[in-house]
Each structure stands twice: as structure tokens, then as C-alpha cells.
Amino acid sequence: MTDVLDLDAVTIRRGTTTILDQVTWSVREGERWVVLGRNGAGKTTLLQVASGRMHPTSGTADLLGSRLGRVDVFELRPRIGLSSTALTERIPASEAVRDVVLTAAYGVTGRWREAYEESDESRAADLLAAFGVSHLAERTFGTLSEGERKRVQIARALMSDPELLLLDEPAAGLDLGGREELVAALAELAADRRSPVLVLVTHHVEEIPPGFTHLLLLRDGQVHAAGPLEEVLTPENLSGAFGLDLVVDRAGSRWTARAAG
Ligand SMILES: Nc1ncnc2c1ncn2[C@@H]1O[C@H](COP(=O)(O)OP(=O)(O)OP(=O)(O)O)[C@@H](O)[C@H]1O
Ligand SMILES: [Mg+2]
């Protein structure tokens with residue numbers, strides 16, 4: 001079985017800065033990954049590579065069985081959903097929420113004059129319902145709260161029925177209730193066998209949804225530790241990745257971390 005993602009010694013250099021340093025990472029069918037690391041560790045850059053938006057300076061990246069650099073990325077991109085703040089900023093504030101989701105069927109932002117299939121319309125409606133934002137369908141995107149935007153963006157990223165879904169800090173800026181609702185929605189997504197392979201970048205172990213299976217810890221552009229969540233999420237590994245002495249606790253299927261002492 002081919003890997004969904006297979007990065008081999010991926011290095012990204014910009015000028016004299018090495019942003020990703022020899023990252024080797026494989027993601028397989030059915031897995032749900034969390035990526036943790038402090039500010040500037042290279043998480044967003046890693047998702048840029050994993051979504052086919054950035055090519056390695058050296059090393060190789062195979063996405064859905066195709067080698068980046070040898071494949072038409074415009075054919076690849078609809079098969080990989082990405083939700084990030086940078087992409088949210090590109091959604092026109094005046095666009096109706098239902099169109100924000102619908103247009104993703106064609107991998108564009110801003111509604112042109114494409115003819116949409118009825119099946120697309122009903123899929124968009126189903127996704128808005130799944131993320132609890134059906135009532136906002138006719139509102140313009142610019143009028144939504146931060147939490148509402150995050151949910152619409154995830155619905156949008158799922159619209160093209162991707163094989164891989166990459167989420168860059170989806171809970172950033174949410175209040176406690178909003179975060180918990182999002183964690184629950186992601187847990188539901190993780191539990192559904194029809195869901196794409198998931199990769200979730202976050203800053204907080206509290207935001208790891210139940211059902212996520214693997215963890216990648218990045219430090220200074222390098223893989224600090226990677227593997228099954230329960231094996232990798234230890235105080236030693238987390239302390240090492242963050243350069244801080246940390247205590248990690250588990251309550252049921254949720255995690256917490258705080259400074260030791
Ligand atoms: N074009 C660039 N030129 C030079 N340095 C860059 C460039 N793009 C990113 N960087 C640097 O690479 C590092 C990694 O950036 P990245 O956005 O991937 O980090 P991150 O882990 O997502 O951080 P955060 O948690 O703050 O979102 C940062 O130090 C950033 O300043
Ligand atoms: Mg980032």
C-alpha cells in the first residue's frame with residue numbers, strides 16, 4: 001500500500017535559514033496525526049510541502065503516491081484539503097457562506113460563473129450541517145465570528161472529498177466553548193472511517209481530539225519524535241520539543257500539559 005504522505009530528508013532553505021531540516025515522515029491510510037512544536041518550529045512550512053504548495057530545496061516528497069516536482073500540482077490539490085489562517089484571509093468578505101464551501105469543489109475562491117451540480121449543492125449543505133453552521137449559509141463570510149469562520153473553513157476543505165485533510169491551528173482564537181465544540185467535531189471526523197487522513201497542527205495538547213492516533217513533534221525544523229500518540233506524548237519528549245520542563249497528564253481521552261514544579 002502506498003503511503004498517503006512520504007517525506008524523505010525534506011529540507012527547506014530560504015537564504016541562509018534552514019526552515020525544515022532533513023524531515024523524514026510517513027503518513028499511512030487511516031491515520032490521524034497531530035503536529036506539535038513551538039512557534040517557528042516549521043509546522044506551517046511542513047503543511048505547505050504536504051499540500052503541494054512548496055517544493056523541497058532537497059529531499060523528496062511523495063503526496064498520494066506522486067512525487068512532488070513530477071506531478072501536476074493543480075490535479076493534486078483538490079485531493080488534499082487545507083485549512084489555515086492564510087487561506088481564510090483570501091476568502092472574500094462579501095462571499096456568501098454557502099458559496100465559500102461550494103466553490104471549493106473547483107479549488108477556487110470567489111464565485112465565478114461555473115455551473116454547479118445539484119449534488120455539489122447538497123454536499124455543501126450537508127457539510128455546513130455537520131459543522132453546525134447551516135443557519136449561516138446565506139450570511140457573508142466577513143460577518144462571521146472567528147469560531148464560525150474556522151468551522152466554515154473546515155467544511156470548505158472537505159468539499160472536494162479530499163484523501164488528505166491538513167488543518168493548521170483550527171482552534172486558534174476560539175473561546176473555551178468554541179474550542180470544545182471544534183474538538184468534538186474533529187473527534188467525530190477522526191472516528192468516521194470514510195474521513196480522509198487527518199493532520200492537525202496545534203499548539204496545545206488540550207486540543208488533541210479523541211481518536212487521533214499519531215504525533216509528530218518538531219523542533220527547530222527537525223523531527224524531535226514521531227510515532228503512535230501514546231508512545232510519543234511523554235513528558236520527556238514534550239519537554240525536549242518545547243525546551244521546557246513539562247508535566248503531561250491524561251484524563252480519559254484528553255491530554256493536558258503544564259510547566260513542572
Ligand atoms: N520565506 C522565508 N524566509 C525566511 N524565513 C522564513 C520564511 N518563511 C518562514 N520562515 C521562518 O521559518 C520558521 C518556521 O516557520 P513556520 O511558519 O513553518 O513555523 P510554525 O511552526 O508554523 O510557527 P507558528 O507556531 O508560529 O505558526 C520561522 O522561524 C519563520 O520565520
Ligand atoms: Mg504556523
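Both counts, for ligands and for their atoms, begin at 1 and track the order of listing. Positions are given from 1, in the same order as the sequence printed here. What you see is a predicted model, and the numbers here were worked out from it, not measured in a lab. In what follows, every heavy atom counts, from backbone to side chain, and hydrogens, waters and symmetry copies are set aside.
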Visitor: Among all protein non-hydrogen atoms, which one is nearest to atom 27 (O) of ligand 1, and what is the separation to 0.1 Å?
Guide: Glu169 OE2, 3.5 Å
Visitor: Please state whether the separation between the Mg ion (ligand 2) and some N/O/S atom of Ser84 is under 2.8 Å?
Guide: no
Visitor: I need the atoms of ligand 1 closer than 4.0 Å to a non-hydrogen atom of Ile19, numbered in the order shown.
Guide: 5 (N), 6 (C), 7 (C), 8 (N), 9 (C), 10 (N), 12 (O), 13 (C), 14 (C)
Visitor: Give a yes or no on this: more than 12 heavy atoms of other residues, nucleotides or ligands lie within 6.0 Å of atom CD of Glu163.
Guide: yes
Visitor: Mark yes when over 12 heavy atoms from residues, nucleotides or ligands other than Arg258 sit less than 6.0 Å from its CZ; otherwise mark no.
Guide: no
Visitor: Looking only at protein heavy atoms, identify the closest one to atom 14 (C) of ligand 1 and say how far it is in Å.
Guide: Gly40 O, 3.3 Å
Visitor: Among the heavy atoms of Gly37, does any lie under 4.0 Å from an atom of ligand 1?
Guide: no
Visitor: In terms of atom number and element, which parts of ligand 1 are under 4.0 angstrom from non-hydrogen atoms of Arg14?
Guide: 1 (N), 2 (C), 3 (N), 4 (C)
Visitor: Scan Val201, Val199, Leu7 and name whichever one has a side chain to side chain contact (heavy atoms under 4.5 Å, CB included) with Leu46.
Guide: Leu7
Visitor: Does any part of the side chain of Val205, heavy atoms only, come nearer than 4.5 Å to the side chain of Leu36, both counted from C-beta?
Guide: yes
Visitor: Closest heavy-atom contact between Pro170 and Ile154?
Guide: CB-CD1, 4.1 Å
Visitor: Would you mind running through ligand 1 and noting each atom that sits below 4.0 Å from a heavy atom of Thr45?
Guide: 15 (O), 16 (P), 18 (O)
Visitor: Are a donor atom and an acceptor atom from the side chains of Arg250 and Thr256 found within less than 3.5 Å of each other?
Guide: no
Visitor: Looking only at protein heavy atoms, which one is nearest to atom 17 (O) of ligand 1, and how far off is it?
Guide: Thr44 CB, 3.6 Å
Visitor: Give a yes-or-no answer on whether the side chains of Glu31 and Thr213 include a donor-acceptor pair shorter than 3.5 Å.
Guide: no
Visitor: Tell me: protein heavy atom nearest atom 26 (O) of ligand 1, and distance?
Guide: Asn39 ND2, 3.0 Å
